[in-house]
**Q** 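First, the structure itself, so that you have it in front of you.
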There are 2 protein chains.
Amino acid sequence: MTRPRRRADAERSIARIVAAAREALSADPDATVDDIAKAAGVGRMTLYGHFRTRPELVEAAIADALRSGEETLGGLDLSGDAHDALTRLLESSWSLVSESAALLVAAQKVLPEGRVRELHAGAADRMEELIRRGQRQGVFRTDLPTAWLVNAVQYLLHGAAEEIRAGRLKTAEAAGVVTATISSMLEA
Amino acid sequence: MTRPRRRADAERSIARIVAAAREALSADPDATVDDIAKAAGVGRMTLYGHFRTRPELVEAAIADALRSGEETLGGLDLSGDAHDALTRLLESSWSLVSESAALLVAAQKVLPEGRVRELHAGAADRMEELIRRGQRQGVFRTDLPTAWLVNAVQYLLHGAAEEIRAGRLKTAEAAGVVTATISSMLEA
DNA sequence: CTGAACTCGTACATGAGAGTACGAATTAAG
DNA sequence: CTTAATTCGTACTCTCATGTACGAGTTCAG
(Lines give C-alpha, C1' and ligand atoms only; values in the text may rest on other atoms or scores of the structure.)
Protein backbone atom coordinates (compact mmCIF):
# COMPACT_ATOMS: atom_id res chain seq x y z
CA MET A 1 0.00 0.00 0.00
CA THR A 2 3.04 2.29 0.11
CA ARG A 3 3.08 3.19 -3.54
CA PRO A 4 5.02 6.17 -4.91
CA ARG A 5 2.71 9.09 -4.25
CA ARG A 6 0.43 9.95 -7.13
CA ARG A 7 0.35 13.32 -8.71
CA ALA A 8 -2.76 15.50 -8.47
CA ASP A 9 -3.60 15.28 -12.16
CA ALA A 10 -3.44 11.51 -11.96
CA GLU A 11 -5.90 11.49 -9.07
CA ARG A 12 -8.20 13.67 -11.10
CA SER A 13 -7.99 11.42 -14.13
CA ILE A 14 -8.70 8.36 -12.07
CA ALA A 15 -11.71 9.98 -10.48
CA ARG A 16 -13.09 11.00 -13.84
CA ILE A 17 -12.49 7.56 -15.27
CA VAL A 18 -14.21 5.78 -12.42
CA ALA A 19 -17.17 8.13 -12.60
CA ALA A 20 -17.41 7.67 -16.35
CA ALA A 21 -17.16 3.91 -15.97
CA ARG A 22 -20.04 3.90 -13.51
CA GLU A 23 -22.18 5.90 -15.86
CA ALA A 24 -21.27 4.12 -19.04
CA LEU A 25 -21.57 0.64 -17.58
CA SER A 26 -24.84 1.53 -15.92
CA ALA A 27 -26.20 2.44 -19.32
CA ASP A 28 -24.65 -0.52 -21.12
CA PRO A 29 -22.93 -3.36 -19.30
CA ASP A 30 -20.94 -4.13 -22.45
CA ALA A 31 -19.49 -0.66 -22.77
CA THR A 32 -16.04 -0.76 -24.29
CA VAL A 33 -12.87 0.47 -22.66
CA ASP A 34 -12.78 2.98 -25.46
CA ASP A 35 -16.34 4.11 -24.77
CA ILE A 36 -15.46 4.70 -21.18
CA ALA A 37 -12.27 6.59 -21.99
CA LYS A 38 -14.22 8.83 -24.36
CA ALA A 39 -16.91 9.40 -21.75
CA ALA A 40 -14.23 10.35 -19.27
CA GLY A 41 -12.74 12.78 -21.76
CA VAL A 42 -9.46 10.98 -21.55
CA GLY A 43 -7.29 9.07 -23.99
CA ARG A 44 -7.61 5.31 -24.00
CA MET A 45 -3.92 5.06 -23.23
CA THR A 46 -4.25 7.21 -20.19
CA LEU A 47 -6.93 4.89 -18.95
CA TYR A 48 -4.69 1.88 -19.48
CA GLY A 49 -2.07 3.68 -17.50
CA HIS A 50 -4.28 3.43 -14.43
CA PHE A 51 -6.23 0.26 -15.05
CA ARG A 52 -4.33 -2.55 -16.67
CA THR A 53 -7.33 -4.53 -17.78
CA ARG A 54 -11.00 -4.03 -18.34
CA PRO A 55 -12.00 -6.25 -15.43
CA GLU A 56 -9.82 -4.16 -13.15
CA LEU A 57 -11.71 -1.10 -14.32
CA VAL A 58 -15.09 -2.71 -13.88
CA GLU A 59 -14.17 -3.74 -10.38
CA ALA A 60 -13.12 -0.21 -9.54
CA ALA A 61 -16.42 1.09 -10.87
CA ILE A 62 -18.63 -1.26 -8.93
CA ALA A 63 -16.54 -0.90 -5.80
CA ASP A 64 -17.04 2.82 -6.00
CA ALA A 65 -20.78 2.46 -6.51
CA LEU A 66 -21.03 0.16 -3.53
CA ARG A 67 -18.91 2.42 -1.39
CA SER A 68 -21.11 5.40 -2.09
CA GLY A 69 -24.17 3.24 -1.49
CA GLU A 70 -22.74 2.25 1.86
CA GLU A 71 -22.55 5.87 2.81
CA THR A 72 -26.23 6.38 2.12
CA LEU A 73 -27.42 3.21 3.78
CA GLY A 74 -25.01 3.49 6.67
CA GLY A 75 -26.69 6.69 7.72
CA LEU A 76 -30.12 5.14 8.09
CA ASP A 77 -31.78 4.64 11.41
CA LEU A 78 -33.03 1.06 11.39
CA SER A 79 -33.99 0.84 15.02
CA GLY A 80 -37.52 0.39 16.25
CA ASP A 81 -40.24 -1.65 14.61
CA ALA A 82 -38.78 -4.03 12.06
CA HIS A 83 -41.59 -3.48 9.61
CA ASP A 84 -41.01 0.25 9.49
CA ALA A 85 -37.28 -0.18 9.38
CA LEU A 86 -37.68 -2.50 6.39
CA THR A 87 -39.73 0.11 4.60
CA ARG A 88 -37.08 2.71 5.19
CA LEU A 89 -34.27 0.43 4.10
CA LEU A 90 -36.08 -0.62 0.94
CA GLU A 91 -36.95 2.94 0.08
CA SER A 92 -33.27 3.86 0.04
CA SER A 93 -31.94 0.62 -1.39
CA TRP A 94 -34.38 0.77 -4.22
CA SER A 95 -32.98 3.77 -6.02
CA LEU A 96 -29.43 2.53 -5.60
CA VAL A 97 -30.25 -0.84 -7.08
CA SER A 98 -32.23 0.69 -9.86
CA GLU A 99 -29.43 3.03 -10.87
CA SER A 100 -26.67 0.47 -10.88
CA ALA A 101 -28.43 -2.62 -12.12
CA ALA A 102 -26.57 -2.72 -15.41
CA LEU A 103 -23.27 -2.04 -13.72
CA LEU A 104 -23.86 -5.08 -11.60
CA VAL A 105 -24.47 -7.15 -14.71
CA ALA A 106 -21.18 -5.92 -16.13
CA ALA A 107 -19.39 -6.98 -12.97
CA GLN A 108 -21.02 -10.40 -12.91
CA LYS A 109 -19.77 -10.94 -16.43
CA VAL A 110 -16.11 -10.20 -15.98
CA LEU A 111 -15.24 -10.65 -12.34
CA PRO A 112 -14.42 -14.07 -10.99
CA GLU A 113 -17.31 -16.07 -9.55
CA GLY A 114 -18.20 -14.83 -6.10
CA ARG A 115 -16.23 -11.61 -6.28
CA VAL A 116 -19.33 -9.45 -6.67
CA ARG A 117 -20.87 -11.14 -3.69
CA GLU A 118 -17.80 -10.36 -1.61
CA LEU A 119 -17.95 -6.71 -2.53
CA HIS A 120 -21.64 -6.68 -1.84
CA ALA A 121 -21.31 -8.26 1.58
CA GLY A 122 -21.87 -5.06 3.50
CA ALA A 123 -25.27 -4.42 2.01
CA ALA A 124 -26.30 -8.04 2.38
CA ASP A 125 -25.27 -8.07 6.02
CA ARG A 126 -27.32 -5.02 6.76
CA MET A 127 -30.43 -6.61 5.29
CA GLU A 128 -29.72 -9.89 7.03
CA GLU A 129 -29.33 -8.25 10.38
CA LEU A 130 -32.62 -6.46 9.97
CA ILE A 131 -34.39 -9.64 8.99
CA ARG A 132 -32.98 -11.49 11.99
CA ARG A 133 -34.10 -8.76 14.30
CA GLY A 134 -37.57 -8.87 12.80
CA GLN A 135 -37.60 -12.60 13.33
CA ARG A 136 -36.70 -12.20 16.98
CA GLN A 137 -39.49 -9.68 17.32
CA GLY A 138 -41.88 -12.20 15.82
CA VAL A 139 -42.62 -9.86 12.93
CA PHE A 140 -40.86 -11.83 10.19
CA ARG A 141 -41.24 -15.47 9.26
CA THR A 142 -38.82 -18.08 10.52
CA ASP A 143 -39.84 -21.04 8.39
CA LEU A 144 -37.29 -20.40 5.65
CA PRO A 145 -33.51 -20.01 5.63
CA THR A 146 -32.58 -16.42 6.38
CA ALA A 147 -29.95 -16.42 3.68
CA TRP A 148 -32.59 -17.30 1.13
CA LEU A 149 -34.85 -14.49 2.28
CA VAL A 150 -32.02 -12.00 1.94
CA ASN A 151 -31.34 -13.14 -1.58
CA ALA A 152 -35.01 -13.25 -2.50
CA VAL A 153 -35.21 -9.59 -1.58
CA GLN A 154 -32.33 -8.90 -3.93
CA TYR A 155 -33.96 -10.78 -6.78
CA LEU A 156 -37.17 -8.83 -6.39
CA LEU A 157 -35.34 -5.53 -6.25
CA HIS A 158 -33.46 -6.33 -9.42
CA GLY A 159 -36.58 -7.69 -11.03
CA ALA A 160 -38.38 -4.44 -10.38
CA ALA A 161 -35.46 -2.53 -11.85
CA GLU A 162 -35.72 -4.65 -14.96
CA GLU A 163 -39.46 -4.07 -15.20
CA ILE A 164 -38.85 -0.36 -15.17
CA ARG A 165 -36.15 -0.60 -17.76
CA ALA A 166 -38.54 -2.50 -19.99
CA GLY A 167 -41.25 0.06 -19.41
CA ARG A 168 -43.66 -2.33 -17.75
CA LEU A 169 -43.58 -0.60 -14.41
CA LYS A 170 -43.78 3.12 -13.80
CA THR A 171 -40.97 4.62 -11.81
CA ALA A 172 -43.42 6.36 -9.54
CA GLU A 173 -45.17 3.12 -8.60
CA ALA A 174 -42.05 1.08 -8.16
CA ALA A 175 -41.10 1.89 -4.59
CA GLY A 176 -44.57 1.14 -3.30
CA VAL A 177 -44.95 -2.05 -5.28
CA VAL A 178 -41.55 -3.32 -4.23
CA THR A 179 -42.16 -2.57 -0.58
CA ALA A 180 -45.58 -4.19 -0.54
CA THR A 181 -44.32 -7.29 -2.30
CA ILE A 182 -41.29 -7.79 -0.14
CA SER A 183 -43.10 -7.03 3.08
CA SER A 184 -45.66 -9.74 2.54
CA MET A 185 -42.96 -12.15 1.50
CA LEU A 186 -41.08 -11.59 4.76
CA GLU A 187 -43.79 -11.11 7.31
CA ALA A 188 -44.99 -13.96 9.42
CA MET B 1 -44.30 -22.10 -45.49
CA THR B 2 -44.32 -24.32 -48.60
CA ARG B 3 -40.67 -25.13 -48.62
CA PRO B 4 -39.19 -27.96 -50.71
CA ARG B 5 -39.72 -31.09 -48.64
CA ARG B 6 -36.84 -32.03 -46.36
CA ARG B 7 -35.11 -35.34 -46.48
CA ALA B 8 -35.18 -37.72 -43.54
CA ASP B 9 -31.49 -37.36 -42.72
CA ALA B 10 -31.88 -33.62 -42.60
CA GLU B 11 -34.73 -33.92 -40.13
CA ARG B 12 -32.55 -36.12 -38.01
CA SER B 13 -29.64 -33.69 -38.09
CA ILE B 14 -31.85 -30.81 -37.16
CA ALA B 15 -33.31 -32.70 -34.25
CA ARG B 16 -29.85 -33.60 -32.97
CA ILE B 17 -28.62 -30.06 -33.37
CA VAL B 18 -31.55 -28.54 -31.52
CA ALA B 19 -31.19 -31.06 -28.71
CA ALA B 20 -27.48 -30.40 -28.49
CA ALA B 21 -28.07 -26.67 -28.52
CA ARG B 22 -30.50 -26.95 -25.63
CA GLU B 23 -28.01 -28.94 -23.62
CA ALA B 24 -24.95 -26.92 -24.46
CA LEU B 25 -26.60 -23.56 -23.94
CA SER B 26 -28.17 -24.74 -20.71
CA ALA B 27 -24.70 -25.52 -19.44
CA ASP B 28 -23.10 -22.39 -20.84
CA PRO B 29 -25.08 -19.55 -22.36
CA ASP B 30 -22.01 -18.50 -24.33
CA ALA B 31 -21.53 -21.86 -25.98
CA THR B 32 -20.06 -21.47 -29.44
CA VAL B 33 -21.67 -22.61 -32.65
CA ASP B 34 -18.72 -24.91 -32.93
CA ASP B 35 -19.28 -26.30 -29.43
CA ILE B 36 -22.86 -27.08 -30.31
CA ALA B 37 -21.98 -28.71 -33.60
CA LYS B 38 -19.48 -30.91 -31.82
CA ALA B 39 -21.99 -31.80 -29.14
CA ALA B 40 -24.45 -32.74 -31.84
CA GLY B 41 -21.86 -34.93 -33.51
CA VAL B 42 -22.21 -32.94 -36.67
CA GLY B 43 -19.92 -30.75 -38.75
CA ARG B 44 -20.12 -27.04 -38.22
CA MET B 45 -20.94 -26.62 -41.87
CA THR B 46 -23.87 -28.95 -41.63
CA LEU B 47 -25.19 -26.87 -38.81
CA TYR B 48 -24.87 -23.72 -40.87
CA GLY B 49 -26.78 -25.48 -43.59
CA HIS B 50 -29.82 -25.50 -41.32
CA PHE B 51 -29.34 -22.42 -39.20
CA ARG B 52 -27.88 -19.43 -40.94
CA THR B 53 -26.86 -17.56 -37.83
CA ARG B 54 -26.22 -18.24 -34.20
CA PRO B 55 -29.24 -16.25 -33.05
CA GLU B 56 -31.43 -18.34 -35.32
CA LEU B 57 -30.07 -21.43 -33.65
CA VAL B 58 -30.56 -20.05 -30.17
CA GLU B 59 -34.12 -19.17 -30.99
CA ALA B 60 -34.78 -22.67 -32.25
CA ALA B 61 -33.33 -24.09 -29.05
CA ILE B 62 -35.40 -22.00 -26.70
CA ALA B 63 -38.51 -22.39 -28.77
CA ASP B 64 -38.09 -26.13 -28.50
CA ALA B 65 -37.56 -25.96 -24.76
CA LEU B 66 -40.67 -23.85 -24.34
CA ARG B 67 -42.69 -26.10 -26.58
CA SER B 68 -41.81 -29.15 -24.56
CA GLY B 69 -42.49 -27.21 -21.39
CA GLU B 70 -45.91 -26.33 -22.73
CA GLU B 71 -46.65 -30.01 -23.13
CA THR B 72 -45.89 -30.68 -19.50
CA LEU B 73 -47.72 -27.69 -18.10
CA GLY B 74 -50.61 -27.99 -20.50
CA GLY B 75 -51.47 -31.37 -19.01
CA LEU B 76 -51.86 -30.03 -15.49
CA ASP B 77 -55.19 -29.83 -13.75
CA LEU B 78 -55.35 -26.34 -12.30
CA SER B 79 -58.97 -26.38 -11.30
CA GLY B 80 -60.19 -26.21 -7.74
CA ASP B 81 -58.64 -24.24 -4.93
CA ALA B 82 -56.25 -21.63 -6.26
CA HIS B 83 -53.73 -22.20 -3.51
CA ASP B 84 -53.41 -25.90 -4.31
CA ALA B 85 -53.38 -25.22 -8.02
CA LEU B 86 -50.51 -22.77 -7.51
CA THR B 87 -48.56 -25.38 -5.63
CA ARG B 88 -49.04 -27.87 -8.45
CA LEU B 89 -48.11 -25.35 -11.11
CA LEU B 90 -44.99 -24.24 -9.27
CA GLU B 91 -43.91 -27.78 -8.61
CA SER B 92 -43.87 -28.47 -12.35
CA SER B 93 -42.64 -25.09 -13.49
CA TRP B 94 -39.80 -25.23 -11.08
CA SER B 95 -37.83 -28.02 -12.69
CA LEU B 96 -38.37 -26.59 -16.15
CA VAL B 97 -37.07 -23.19 -15.13
CA SER B 98 -34.18 -24.68 -13.27
CA GLU B 99 -33.08 -26.79 -16.22
CA SER B 100 -33.23 -24.07 -18.80
CA ALA B 101 -32.15 -21.02 -16.87
CA ALA B 102 -28.89 -20.62 -18.74
CA LEU B 103 -30.59 -21.21 -22.06
CA LEU B 104 -32.86 -18.33 -21.28
CA VAL B 105 -29.87 -16.13 -20.57
CA ALA B 106 -28.42 -17.08 -23.93
CA ALA B 107 -31.65 -16.11 -25.63
CA GLN B 108 -31.87 -12.80 -23.80
CA LYS B 109 -28.40 -11.98 -25.05
CA VAL B 110 -28.87 -12.54 -28.75
CA LEU B 111 -32.55 -12.24 -29.55
CA PRO B 112 -34.10 -8.86 -30.16
CA GLU B 113 -35.62 -7.11 -27.15
CA GLY B 114 -38.98 -8.59 -26.32
CA ARG B 115 -38.64 -11.69 -28.46
CA VAL B 116 -38.09 -13.99 -25.50
CA ARG B 117 -41.15 -12.58 -23.85
CA GLU B 118 -43.22 -13.29 -26.94
CA LEU B 119 -42.09 -16.88 -27.01
CA HIS B 120 -42.74 -17.18 -23.33
CA ALA B 121 -46.24 -15.78 -23.55
CA GLY B 122 -47.98 -19.11 -23.17
CA ALA B 123 -46.41 -19.86 -19.82
CA ALA B 124 -46.97 -16.33 -18.57
CA ASP B 125 -50.61 -16.45 -19.58
CA ARG B 126 -51.17 -19.66 -17.70
CA MET B 127 -49.75 -18.18 -14.52
CA GLU B 128 -51.67 -14.96 -15.00
CA GLU B 129 -54.93 -16.77 -15.47
CA LEU B 130 -54.39 -18.73 -12.30
CA ILE B 131 -53.57 -15.61 -10.35
CA ARG B 132 -56.68 -13.86 -11.61
CA ARG B 133 -58.81 -16.79 -10.63
CA GLY B 134 -57.29 -16.79 -7.20
CA GLN B 135 -58.02 -13.10 -6.93
CA ARG B 136 -61.67 -13.66 -7.82
CA GLN B 137 -61.82 -16.35 -5.18
CA GLY B 138 -60.44 -13.92 -2.67
CA VAL B 139 -57.42 -16.11 -2.08
CA PHE B 140 -54.81 -13.88 -3.75
CA ARG B 141 -54.08 -10.24 -3.16
CA THR B 142 -55.52 -7.57 -5.42
CA ASP B 143 -53.57 -4.55 -4.23
CA LEU B 144 -50.82 -4.87 -6.85
CA PRO B 145 -50.83 -5.04 -10.64
CA THR B 146 -51.37 -8.60 -11.76
CA ALA B 147 -48.70 -8.29 -14.43
CA TRP B 148 -46.18 -7.42 -11.75
CA LEU B 149 -47.15 -10.42 -9.65
CA VAL B 150 -46.69 -12.72 -12.63
CA ASN B 151 -43.25 -11.33 -13.27
CA ALA B 152 -42.29 -11.38 -9.61
CA VAL B 153 -43.00 -15.10 -9.61
CA GLN B 154 -40.64 -15.46 -12.55
CA TYR B 155 -37.90 -13.53 -10.84
CA LEU B 156 -38.13 -15.67 -7.74
CA LEU B 157 -38.09 -18.88 -9.75
CA HIS B 158 -35.01 -17.77 -11.61
CA GLY B 159 -33.44 -16.52 -8.44
CA ALA B 160 -33.87 -19.89 -6.83
CA ALA B 161 -32.33 -21.53 -9.87
CA GLU B 162 -29.35 -19.24 -9.50
CA GLU B 163 -29.02 -20.03 -5.80
CA ILE B 164 -28.85 -23.70 -6.63
CA ARG B 165 -26.30 -23.15 -9.34
CA ALA B 166 -24.16 -21.27 -6.86
CA GLY B 167 -24.55 -24.00 -4.28
CA ARG B 168 -26.32 -21.84 -1.73
CA LEU B 169 -29.56 -23.77 -1.87
CA LYS B 170 -29.95 -27.52 -1.90
CA THR B 171 -31.88 -28.98 -4.78
CA ALA B 172 -34.03 -30.99 -2.41
CA GLU B 173 -35.13 -27.93 -0.47
CA ALA B 174 -35.72 -25.74 -3.48
CA ALA B 175 -39.24 -26.69 -4.46
CA GLY B 176 -40.53 -26.24 -0.93
CA VAL B 177 -38.75 -22.97 -0.37
CA VAL B 178 -39.91 -21.56 -3.67
CA THR B 179 -43.50 -22.56 -3.08
CA ALA B 180 -43.59 -21.15 0.44
CA THR B 181 -42.02 -17.88 -0.67
CA ILE B 182 -44.26 -17.33 -3.64
CA SER B 183 -47.41 -18.39 -1.84
CA SER B 184 -46.98 -15.82 0.86
CA MET B 185 -46.13 -13.20 -1.70
CA LEU B 186 -49.37 -13.81 -3.58
CA GLU B 187 -51.85 -14.62 -0.89
CA ALA B 188 -54.12 -11.98 0.49
C1' DC C 1 -30.35 -46.15 -60.40
C1' DT C 2 -29.79 -41.48 -60.88
C1' DG C 3 -30.18 -36.88 -59.61
C1' DA C 4 -30.84 -33.87 -55.98
C1' DA C 5 -30.28 -33.21 -51.24
C1' DC C 6 -27.27 -33.49 -47.66
C1' DT C 7 -22.76 -33.90 -45.10
C1' DC C 8 -18.61 -31.93 -43.79
C1' DG C 9 -13.57 -30.72 -44.13
C1' DT C 10 -10.38 -26.98 -45.21
C1' DA C 11 -9.56 -22.64 -46.00
C1' DC C 12 -10.59 -17.87 -45.94
C1' DA C 13 -12.70 -13.27 -45.00
C1' DT C 14 -14.48 -10.28 -41.52
C1' DG C 15 -14.93 -7.60 -37.47
C1' DA C 16 -14.43 -6.33 -32.96
C1' DG C 17 -12.25 -5.48 -28.77
C1' DA C 18 -8.30 -6.14 -25.65
C1' DG C 19 -3.88 -5.06 -24.68
C1' DT C 20 1.16 -3.51 -26.19
C1' DA C 21 4.91 -0.49 -28.02
C1' DC C 22 6.88 3.78 -28.78
C1' DG C 23 7.72 8.36 -28.28
C1' DA C 24 6.62 13.23 -28.19
C1' DA C 25 4.34 16.91 -25.69
C1' DT C 26 2.64 18.52 -21.11
C1' DT C 27 2.41 19.42 -16.49
C1' DA C 28 2.78 18.94 -11.57
C1' DA C 29 6.16 18.80 -7.61
C1' DG C 30 9.94 20.11 -4.84
C1' DC D 1 13.76 25.36 -12.96
C1' DT D 2 14.38 20.76 -13.61
C1' DT D 3 12.96 16.29 -13.36
C1' DA D 4 9.91 12.73 -13.16
C1' DA D 5 5.22 11.70 -13.73
C1' DT D 6 1.50 11.88 -16.75
C1' DT D 7 -1.03 12.41 -20.96
C1' DC D 8 -2.26 10.65 -25.29
C1' DG D 9 -2.02 9.71 -30.33
C1' DT D 10 -0.83 6.27 -33.82
C1' DA D 11 -0.11 2.00 -35.07
C1' DC D 12 0.30 -2.66 -34.25
C1' DT D 13 -0.47 -7.51 -32.51
C1' DC D 14 -3.45 -11.06 -30.73
C1' DT D 15 -7.32 -13.70 -30.17
C1' DC D 16 -11.65 -15.38 -31.13
C1' DA D 17 -16.03 -16.32 -32.98
C1' DT D 18 -18.98 -15.56 -36.84
C1' DG D 19 -20.13 -16.46 -41.35
C1' DT D 20 -18.69 -17.58 -46.45
C1' DA D 21 -16.73 -20.22 -50.36
C1' DC D 22 -15.58 -24.28 -52.63
C1' DG D 23 -15.74 -28.93 -53.57
C1' DA D 24 -15.63 -33.78 -52.94
C1' DG D 25 -17.98 -37.55 -50.95
C1' DT D 26 -22.41 -39.76 -49.21
C1' DT D 27 -27.16 -40.86 -48.77
C1' DC D 28 -31.88 -40.51 -49.48
C1' DA D 29 -36.20 -40.34 -52.72
C1' DG D 30 -38.84 -41.74 -56.42
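Excluded from the calculations below are hydrogen atoms, water molecules and symmetry mates; all remaining heavy atoms, backbone and side chain alike, are included. Just so we're on the same page: letters track the sequence lines, and every chain starts at 1.
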**Q** Think B:R7 has a side-chain N or O under 4.0 angstrom from the OP1 or OP2 of D:dA29?
**A** no
**Q** Can you tell me how far P of D:dG19 sits from CD1 of B:I36, to the nearest Å?
**A** 11 Å
**Q** Under 4.0 Å between any heavy atoms, over every strand shown, what does A:T46 touch: base, sugar-phosphate, or nothing? Just pick one.
**A** base
**Q** Could you check how far CG of A:L57 sits from P of C:dG17, rounded to whole Å?
**A** 15 Å
**Q** To the nearest Å, give me how far apart CZ (B:R16) and P (C:dC8) are.
**A** 8 Å
**Q** Expressed in angstrom and rounded to an integer, what is the separation of A:Y48 atom OH from D:dC12 atom P?
**A** 18 Å
**Q** Under 4.0 Å between a side-chain N/O of B:T32 and OP1 or OP2 of D:dC16, yes or no?
**A** no
**Q** Can you name the salt bridge (charged side-chain N to carboxylate O under 4.0 Å, His left out) partners of B:K170, sequence neighbours left out?
**A** none
**Q** Between B:E118 and B:R115, does any NZ, NE, NH1 or NH2 come within less than 4.0 Å of an OD or OE carboxylate oxygen?
**A** yes
**Q** Return the value, rounded to whole Å, for the distance between atom CZ of B:F51 and atom P of D:dT18.
**A** 15 Å
**Q** Would you kindly compare B:A8 and B:P55 by the position of their nearest DNA chain D nucleotide and give the one closer to the 5′ end?
**A** B:P55
**Q** Donor-acceptor check, side chain of A:R54 to backbone of A:V110, threshold 3.5 angstrom: yes or no?
**A** no
**Q** Of the nucleotides C:dG19, C:dT7, C:dC6, which has the atom closest to the B:R6 side chain?
**A** C:dC6
**Q** Is it true that the side chains of A:Y155 and B:E163 contain a donor and an acceptor less than 3.5 Å apart?
**A** yes
**Q** Out of D:dC8, D:dT18, C:dC8, which nucleotide sits closest to the side chain of A:M45?
**A** D:dC8
**Q** Calculate the interatomic distance between B:I14 atom CD1 and C:dC6 atom P; express it in whole Å.
**A** 8 Å
**Q** To the nearest Å, how far apart are A:R52 CZ and C:dT20 P?
**A** 9 Å
**Q** Ignoring backbone atoms, test whether A:H50 places a side-chain nitrogen or oxygen under 4.0 Å from the OP1 or OP2 oxygen of D:dT7.
**A** yes
**Q** Which of these nucleotides, D:dC8, C:dC6, D:dT6, is closest to any side-chain atom of B:D9?
**A** C:dC6
**Q** Does a sphere of radius 6.0 Å around CD in B:E11 hold more than 12 heavy atoms from other residues, nucleotides or ligands, not counting ones at 6.0 Å or beyond?
**A** yes
**Q** Can you work out whether B:R54 or A:R12 has the more 5'-proximal nearest nucleotide on DNA chain D?
**A** A:R12
**Q** Within this structure, what is the CG-to-P distance between A:D35 and C:dA16, rounded to whole angstrom?
**A** 13 Å
**Q** Looking at D:dT20, C:dG19, C:dA28, which one has an atom nearest to any side-chain atom of B:R44?
**A** D:dT20
